[in-house]
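In this text, all values refer to a predicted model and were calculated from it rather than measured experimentally.
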Amino acid sequence: MVAAITAGYIRILHVNPTTVALTLLVAVLTIAAAWGLKYSVYTSLVATACFNFFFLPPVHTWTISDSQNWVALGVFLITAMIASQLSDKARRQAAAAESRRREVERLYAFSQQLLTKDNIFELLNELPRKIVDEFSVSAAAIFLASRQKVYYSDVSAHSLLSSDELKAVGARGEPSAQSERGVAFIPLRIGVRAVGSLGVIGNISYETLEAIASMVGIATERAGAVEKLSHAEAARENERLRSALLDAVTHEFRTPLTSIKAAASTLASSVQLDDAARRDLVAVVEEEADRLNRLVGEAAEMAQLDAHQVHLELEAQDIRSAIDSALKDLGAVLDNREVEVKVASDLPRVRVDRQRIAEVIRHLLENAVKYSPPGTPVHVTAERAGRDIRVTVADHGPGIDDFEQSLIFEKFYRGRGHRSIQGTGMGLPIARAIVEAHGGSITVISQLGRGSVFSFTLPINGSSGAMK
């Protein structure tokens, strides 16, 4: 660049020395910005020599005749040196700012990844590997004091990052570094409390390492809090189910037991009964015993479904046969209720457990009869819906509000306004578990005062058979 400027001003453009000096100064600044101080200082010396030899009189000699030219040459050299330093400093600051920007972007991406994990075991196992990937370090390890365990990024990190040093840093709460090996240890803090330590091997700034340690400490504390909250929620749900079960037992089991006890006491007493009265009492005992048996059976079935211990006998079946089987089983329950059945004529056979699907329809029909006024019809339809068969049971009952629609498929839940109606709240959960085991889904659409429509789908291409 200096040679090109010099040759251009000697052979093409004839200008005064001031213009030459300014042009050479621009060249020095350009080189300082592009390549740094070392190259710009060298260029300054070469430019000073060329300026003296070719442009300061007497030209083509190293001597300077006028003292003012000495001043000009000195000012040029000093200006070039200072400008080189300033330009190089600006270049280094720009590079440092760019490096910090990249570190901030990596820290942001790292923090976003931390927020996606609520399981503390998964988080602790993945964190060291994420640190290695995001910040281009060789190895990383995390020690958590509450678990007294060290989590490494890979197998090689075991020998590179001492677990004793990690535990010591976590206990002292003070950072430690081994610069000759590029190893750094820093405590994980929540406020002023050290909850563990982080160790890395690689070229990473202390500020970035401190930020990573803060985020890791917060993330582990958050995951631990979420885990405790989940346990507390599970305990509350367990208590709710226990209370609901006790409520169901109190209301549903006591009634038939009371009836059986009264009938048995009457039969065992010395009261003279005619044959008709005796037969009525025996019938009461049988009916209530059957009801108890059904309640116990539903509870046992619910437990099996929850434990995924039910085997599905899958065979190609006509859905009409399952509907007919459910209607037959409910002969007495329907109590002369009009049931309108519409089954599309072009429905293909589906691979289902007919007994189980008939049980689903039976539960839906029982609900429709219980919660709709006497004399109102119940509608059962079966039709094709894309790749599924949809079975629908509709009634003209009081309807279900939006809040309860999300709860009625939960175990032991019973509508707030229908606690006086007999039932354990197990029918709909059983129906949902059976349908989902077949690879289908069950939903409800309801309007207050207009009735409810329960629908479930079964895939035409066969069941998943998930529950075995």
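- A salt bridge links R102 to E98: one of the charged nitrogens lies within less than 4.0 Å of a carboxylate oxygen.
- Between V183 and L160 there is no side-chain heavy-atom pair separated by less than 4.5 Å.
- Under the 3.5 Å distance criterion, the side-chain polar atoms of T48 are matched with a main-chain donor or acceptor of S44.
- Atom-to-atom distance recorded for I408:CD1 and N367:CG is 8.0 Å, nearest 0.5 angstrom.
- Formation of a donor-acceptor pair under 3.5 Å by the H438 side chain with backbone atoms of D353 is found in this model.
- Here the side chain of R356 pairs no donor or acceptor atom with the backbone of I434 at under 3.5 angstrom.
- Between the side chain of D395 and the backbone N or O of G451 there is no donor-acceptor pair closer than 3.5 Å.
- Considering only heavy atoms from C-beta on, T6 comes within 4.5 Å of F55 through its side chain.
- No side-chain donor-acceptor contact under 3.5 Å links S446 to the backbone of G399.
- Taking 4.5 Å as the limit, every side-chain heavy atom of I460 sits out of range of all side-chain heavy atoms of R387.
- A distance-only check finds no donor-acceptor pair linking the side chain of S153 to the backbone of P128 [under 3.5 Å].
- Here the side chains of T392 and H379 are not in contact, with every heavy-atom distance at 4.5 Å or above.
- Looking at D318, its side chain does come within 3.5 Å of a backbone N or O of R320 through a donor-acceptor pair.
- Checked by atom type and distance alone, the side chain of Q148 pairs as donor or acceptor with a backbone atom of A145 at under 3.5 Å.
- For the atom pair CD1 (I442) and NE2 (H363), the distance works out to 10.0 Å, reported to the nearest 0.5 Å.
- In this structure a side-chain-to-backbone donor-acceptor pair under 3.5 Å is missing from T43 to V28.
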